Amino acid sequence: MPLSNNATHYGAVAKTFHWLVALLILTLIPLGIIATDAPFETSEQLAQKAWLFSLHKTLGVTVFFVAVLRILWALTQPKPALMNGDKPVESLLAETAHWLLYGSLILVPLTGWIHHASAEGYAPIWWPFGQSLPFVPKSPELSHTFSVLHGILEKVLLFALIAHVLGALKHHFIDRDATLLRMLPGYPATGPLEHKHSVFAPRFVALVIWAAALGTGAGLGLFAQPERTEAAALAEVETDWTVTEGDIAITVQQMGSSVTGSYADWTASISYDETAETDVKGQAEVTISIPSLTLGTVTDQAMGPDYFNVEEHPTATFTADLISTAEGNTAEGTLTIKGYEQPITMPFDLTIDGDTATVNGTVTLDRRNYHVGDSMTDEGSLGYSVDVAINLTATRAAEGE
């Protein structure tokens, strides 16, 4: 069987691409549904769900590169004429389905890939080239948008695939021509030699279908950012040092990958006198609104009863003495999460320039001490250690304020 196409038949390369892509797509569609619906309440279930999504993503990237190679090959080859090229409506539908398939084979895996690259979360792609993409930042908003695009375009792909299969079956069983057979290995060359349909009309119709699908998705509100759990209202605090900027970030290990998030809403009451003659220079009380946490694709899961349980425990508090000795600075006190208290010692770097102070501190917690994720007993699924980093700039209140 020749490798290349000619005017009446497809060559071995085109046939191989066709059936390889078909096999991958028919695997990916049910795999994605199964992975999405799989539970993740326990370590074993989470590991299974992550494995399914990793397989789905890896095969999806494979489809992208195979599709690119298939299109590049098609651009170098003559395309056998349609068997129904003398029927304008049928040929328009057939060519439209082909354009939808070719475009979807690029757009569906690409949007899924961007969704993956822009998200903090689990289920890595199984390859050695990293999980990021150039010019794609980590962004929950961007990740959500491309997740929606992926889902909408996936439905267009499914529509085109069904139309393609039904068309092939019609040719075989009703028209009784060689459209289906000539894509099989070893089938002899046969068919008309001339195309008798518009070249541009199918492309235009395909664009209209994609635009209609995206417009429908927008009309249904699919692109709206998901509502977050309402953050706990934090009372204003009296403080000698006012935090002007800063963040509290956490990093967890999930399925062997680091997932970093931060709290958008927190307050700090700080008293500190660097001239005090005792080692204890002041005190701090930090109150954190747990629902303000953004933690990639697992944000909603982190709010649940087995994790932070924000419905009953919307805040966490850290009260500490601020100690300065020749060995360095430490905040020694108590951290309370979900009603569970644990002693904490956090080393920190302090720089005071006049009435402006900068603080950088880190501490590693064990989530089990606060009964966060008790069902996750496998450290390979969700690490026990949680790294907390605090960075802030504060200004000293003027005397009399």
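Note that this is a predicted model, so its numbers are computed, not measured.
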Visitor: Evaluate I106 against I71 for side chain to side chain contact (heavy atoms under 4.5 Å, CB included), listing each step before the verdict.
Guide: CA-CA 10 Å; I106 296 295; I71 292 171; 3.8 Å; yes
Visitor: Please round to the nearest 0.5 Å and tell me the distance separating atom CG of D355 and atom OG1 of T242.
Guide: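 It is 11.0 Å, given to the nearest 0.5 Å.
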Visitor: Are any non-hydrogen side-chain atoms of L100 and I209 less than 4.5 angstrom apart?
Guide: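 Answer yes - side chains close enough.
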Visitor: Which of these, R203, K79, K87, sits in a salt bridge (charged side-chain N to carboxylate O under 4.0 Å, His left out) with E95?
Guide: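 For E95, the salt bridge (charged side-chain N to carboxylate O under 4.0 Å, His left out) test succeeds with only one of R203, K79, K87, which is K79.
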Visitor: Who passes ring-ring contact (aromatic ring centres under 6.0 Å, His included) against F159, sequence neighbours left out?
Guide: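 In terms of ring-ring contact (aromatic ring centres under 6.0 Å, His included), with neighbours along the sequence ignored, F159 is linked to no residue.
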Visitor: Looking just at side-chain N and O atoms, do K57 and H116 make a donor-acceptor pair shorter than 3.5 Å?
Guide: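 Judged by distance alone, the side chains do pair up.
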Visitor: Does S292 use its side chain to pair, donor to acceptor, with the backbone of S289 at less than 3.5 Å?
Guide: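 Answer holds: yes.
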Visitor: Under 3.5 Å, side chain of K338 to main-chain N/O of N309, donor-acceptor pair present?
Guide: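 Not at all, since once roles are kept as given, no pair shorter than 3.5 Å links the two residues.
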Visitor: A50 and M255: which non-hydrogen atoms are nearest, and at how many Å?
Guide: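 So the minimum-distance heavy-atom pair works out to CB-CE, 3.7 Å.
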Visitor: Could you state the interatomic distance from CG (N391) to CG (N360), rounded to the nearest 0.5 Å?
Guide: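 The distance works out to 4.5 Å.
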Visitor: Is the shortest heavy-atom distance from the side chain of T315 to the side chain of I288 under 4.5 Å?
Guide: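 Of all side-chain heavy-atom pairs linking I288 with T315, none is under 4.5 Å.
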Visitor: Test T362 against M346 for side chain to side chain contact (heavy atoms under 4.5 Å, CB included), laying out the working first.
Guide: CA-CA 6 Å; T362 60; M346 183 184 72; 5.9 Å; no
Visitor: Nearest 0.5 Å, please: how far is CD1 in I152 from CG in L157?
Guide: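 L157 atom CG to I152 atom CD1 measures 14.0 Å (nearest 0.5 Å).
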Visitor: May I ask you to test the Y307-M376 pair for a side-chain heavy-atom distance under 4.5 Å?
Guide: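 Of all side-chain heavy-atom pairs linking M376 with Y307, at least one is under 4.5 Å.
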Visitor: Only one of L24, L23, I29, I25 clears side chain to side chain contact (heavy atoms under 4.5 Å, CB included) with T27; which?
Guide: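 Filter result, single survivor: L23.
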Visitor: Strictly by salt bridge (Lys or Arg N to Asp or Glu O under 4.0 Å), give each pair with a member in residues 269-285 just once, sequence neighbours left out.
Guide: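 Qualifying pairs: E274-R396.
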Visitor: Strictly by modelled atom types, are S375 and D306 linked by a side-chain donor-acceptor pair under 3.5 Å?
Guide: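 Side chains of S375 and D306: pair found under 3.5 Å.
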Visitor: Please name the pair of heavy atoms, one in A357 and one in W241, separated by the smallest distance, quoted to 0.1 Å.
Guide: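 Heavy-atom minimum between the residues: CB-CZ3, 3.5 Å.
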Visitor: Looking just at side-chain N and O atoms, do S324 and N329 make a donor-acceptor pair shorter than 3.5 Å?
Guide: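 Yes - a donor-acceptor pair under 3.5 Å links their side chains.
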Visitor: Counting the benzene-type ring for Trp, do H18 and Y10 have ring centres under 6.0 Å apart?
Guide: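 That pair fails the under 6.0 Å test.
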Visitor: Are the side chains of W51 and L55 in touch, meaning some heavy atoms are under 4.5 Å apart?
Guide: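 With C-beta onward as the side chain, the pair touches.
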Visitor: If a pair satisfies salt bridge (Lys or Arg N to Asp or Glu O under 4.0 Å) and one of its residues is in residues 373-383, list it, with sequence neighbours excluded.
Guide: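 Of all non-adjacent pairs touching residues 373-383, none passes salt bridge (Lys or Arg N to Asp or Glu O under 4.0 Å).
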Visitor: Using side-chain heavy atoms (C-beta onward) and a distance below 4.5 Å, is I125 in contact with Q131?
Guide: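 SC-SC contact between I125 and Q131 confirmed.
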Visitor: With rounding to the nearest 0.5 Å, note down the distance linking CD in Q225 to NE2 in H144.
Guide: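 Taking CD in Q225 and NE2 in H144, the distance rounds to 5.0 Å.
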Visitor: Please say whether the positively charged group of R368, taken as NZ for Lys or CZ for Arg, lies over the ring of Y384, i.e. under 6.0 angstrom from the six-membered ring centre and within 45 degrees of the axis.
Guide: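 Yes, a cation-pi geometry holds between R368 and Y384.
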Visitor: Could you state the interatomic distance from OG (S132) to NZ (K138), rounded to the nearest 0.5 Å?
Guide: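 So the OG of S132 and the NZ of K138 are separated by 6.5 Å.
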Visitor: Show the nearest heavy-atom pair for residues S118 and S143, with the distance to one decimal.
Guide: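 It is OG-CA, 3.1 Å.
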Visitor: Sequence neighbours excluded, which residues qualify as ring-ring contact (aromatic ring centres under 6.0 Å, His included) partners of H98?
Guide: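 Once residues adjacent in sequence are excluded, the partners of H98 under the ring-ring contact (aromatic ring centres under 6.0 Å, His included) criterion are H164.
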Visitor: Testing the basics here: between T179 and R182, what is the closest heavy-atom pair and its distance to 0.1 Å?
Guide: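 Scanning both residues completely, I find the closest heavy atoms to be O-CG, 3.5 Å.
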Visitor: In terms of heavy-atom contacts, does CG of D37 have more than 12 from other residues, nucleotides or ligands at under 6.0 Å?
Guide: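 Enclosed: over 12 neighbouring heavy atoms sit under 6.0 Å from CG of D37.
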Visitor: Tell me, please, which residues at least two apart from E245 pass side-chain contact (heavy atoms from CB on, under 4.5 Å).
Guide: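 E245: side-chain contact (heavy atoms from CB on, under 4.5 Å) contacts with T393.
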Visitor: Under the salt bridge (charged side-chain N to carboxylate O under 4.0 Å, His left out) test, which residues partner D387, sequence neighbours left out?
Guide: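 With sequence neighbours excluded, D387 shows a salt bridge (charged side-chain N to carboxylate O under 4.0 Å, His left out) to no residue whatsoever.
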Visitor: Listed by chain and number, what are the salt bridge (charged side-chain N to carboxylate O under 4.0 Å, His left out) partners of K170, not counting sequence neighbours?
Guide: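 Listed in chain order: E90, D175.
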Visitor: For this output row, return yes or no: ring centroids of W210 and W99 closer than 6.0 angstrom.
Guide: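 So the answer is no for these two rings.
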Visitor: So, does Q45 use its side chain to make a donor-acceptor pair with the main chain of E41 at under 3.5 Å?
Guide: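 Judged by distance alone, yes, a pair lies under 3.5 Å.
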Visitor: If we ignore angles and hydrogens, is there a donor and acceptor under 3.5 Å between the side chains of T251 and T260?
Guide: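 The criterion, which ignores hydrogens and geometry beyond distance, is satisfied for T260 and T251.
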Visitor: The criterion is ring-ring contact (aromatic ring centres under 6.0 Å, His included); which residues satisfy it with F65, sequence neighbours excluded?
Guide: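 By the ring-ring contact (aromatic ring centres under 6.0 Å, His included) rule, F65 matches W113.
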Visitor: Test your reading of the model: is there a side-chain donor-acceptor pair from D353 to the backbone of T356, 3.5 Å cut-off?
Guide: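 Answer holds: no.
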Visitor: Do S262 side-chain atoms and A249 backbone N/O form a donor-acceptor pair below 3.5 Å?
Guide: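 Checking the backbone N and O of A249 against the side chain of S262, no donor-acceptor pair under 3.5 Å is found.
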Visitor: List in chain and number order the residues that pass side-chain hydrogen bond (donor to acceptor under 3.5 Å, both in side chains) with T96, two or more places apart in sequence or in another chain; answer none if no residue qualifies.
Guide: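 T96: no side-chain hydrogen bond (donor to acceptor under 3.5 Å, both in side chains) contacts found.
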Visitor: Holding to ring-ring contact (aromatic ring centres under 6.0 Å, His included), I want the full list of residues that pass it with F200, two or more places apart in sequence or in another chain.
Guide: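 Here no residue qualifies.
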Visitor: Is any side-chain heavy atom of I248 closer than 4.5 Å to one of V388?
Guide: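 They are in contact (side-chain heavy atoms under 4.5 Å apart), so the answer is yes.
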Visitor: Going by heavy atoms in the side chains, are T336 and F318 under 4.5 Å from each other?
Guide: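 No, side chains not in contact.
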Visitor: What pair of heavy atoms forms the shortest contact from L392 to V243, and how long is it?
Guide: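 Taking every non-hydrogen atom into account, CB-CG1, 4.2 Å.
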Visitor: Give a yes-or-no answer on whether the side chains of S258 and Q253 include a donor-acceptor pair shorter than 3.5 Å.
Guide: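 A pair is found: one side chain offers a donor N or O, the other an acceptor, under 3.5 Å apart.
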Visitor: Who passes side-chain contact (heavy atoms from CB on, under 4.5 Å) against E238, sequence neighbours left out?
Guide: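 With neighbours one apart ignored, the set is empty.
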Visitor: So which heavy atom on Y272 is nearest to which on L350, and how close?
Guide: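 Closest approach of Y272 to L350: OH-CD2, 3.4 Å.
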Visitor: Where the side chain of H150 meets the backbone of V108, is there a donor-acceptor pair that is under 3.5 Å apart?
Guide: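 Looks like yes, one N/O pair under 3.5 Å.
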Visitor: Side chains of V386 and T364: closer than 4.5 Å at any heavy-atom pair?
Guide: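 No - every pair of side-chain heavy atoms lies 4.5 Å or more apart.
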Visitor: Show, in sequence, the C-alpha distance, side-chain angles and deciding distance for F146 and V136, and conclude whether the side chain to side chain contact (heavy atoms under 4.5 Å, CB included) test is met.
Guide: CA-CA 11 Å; F146 275 89; V136 178; over 6 Å; no
Visitor: Answer yes or no: is there a donor N or O on one side and an acceptor on the other, between the side chain of Q77 and the main chain of N5, under 3.5 Å?
Guide: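 Confirmed, Q77 side chain pairs with N5 backbone.
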Visitor: When rounded to the nearest 0.5 angstrom, what distance separates CD in E141 from OG1 in T145?
Guide: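 Separation between the atoms: 8.0 Å.
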Visitor: Would the distance check show the side chain of R367 and the main-chain N or O of L382 forming a donor-acceptor pair, the cut-off being under 3.5 Å?
Guide: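 Yes, R367 side chain to L382 backbone: donor-acceptor pair under 3.5 Å.
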Visitor: Tell me every residue that passes side-chain contact (heavy atoms from CB on, under 4.5 Å) with D349, counting only those two or more places apart in sequence or in another chain.
Guide: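 In terms of side-chain contact (heavy atoms from CB on, under 4.5 Å), with neighbours along the sequence ignored, D349 is linked to no residue.
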Visitor: Indicate yes or no for a side-chain donor-acceptor contact from T278 to the backbone of V280 under 3.5 Å, with no hydrogens or angles considered.
Guide: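 Yes, because the side chain of T278 sits within donor-acceptor range (under 3.5 Å) of the backbone of V280.
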